[in-house]
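Here, residue 1 is the first one in the sequence, and each next residue gets the next number. Hydrogens, waters and symmetry mates play no part in the numbers below; they use all other heavy atoms, side chains included.
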Amino acid sequence: QLGGPKEIVRRDPEAERARLVIDEKRLEIRKELIKETPDWKKIERINSEIATEQAKERTVNMKSRFEARKNIEQQLQKNN
């Protein structure tokens, strides 16, 4: 059965790296939030870093979808 909870799905190494970076930054925020007096400037900086990583991921995904669509269109034109 595919997609089970224990199955490890092999992803693009760069996408996996980006995901880990985001997860680590979220953990940093959680650690900061449990402090008696959280450093809000630090939290803001980390949130900005997370947003930047997510934007990079979205751009890579958009580029991949664009290239895939372009390739499909070229294949369809060749077949007609």
Worksheet item: Say you draw a straight line from CD of E32 to OG1 of T37; how long is it, rounded to the nearest 0.5 Å?
Response: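 One gets 8.0 Å once the value is rounded to the nearest 0.5 Å.
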Worksheet entry | Euclidean distance, R19 CZ relative to D12 CG, rounded to 0.5 Å | 13.5 Å
Remaining members of hydrophobic cluster (4.5 Å side-chain criterion), [X]:
| X | value |
| --- | --- |
| V60 | none |
| L76 | I72 |
| I29 | I22, L33, W40, I43, I46, I50 |

Worksheet item: Can you list every pair that meets salt bridge (Lys or Arg N to Asp or Glu O under 4.0 Å) and has a residue in residues 61-76, with sequence neighbours left out?
Response: none
Fill in: Minimum heavy-atom distance K31-K35, with the two atoms named
O-CG, 3.7 Å
With sequence neighbours excluded, tell me which residues meet salt bridge (charged side-chain N to carboxylate O under 4.0 Å, His left out) with [X].
| X | answer |
| --- | --- |
| E49 | K25, R45 |
| E24 | none |
| K41 | none |

Worksheet item: Is there a side chain to side chain contact (heavy atoms under 4.5 Å, CB included) between E44 and N47 once you walk through the steps?
Response: CA-CA 5 Å; E44 182 178 21; N47 272 325; 5.7 Å; no
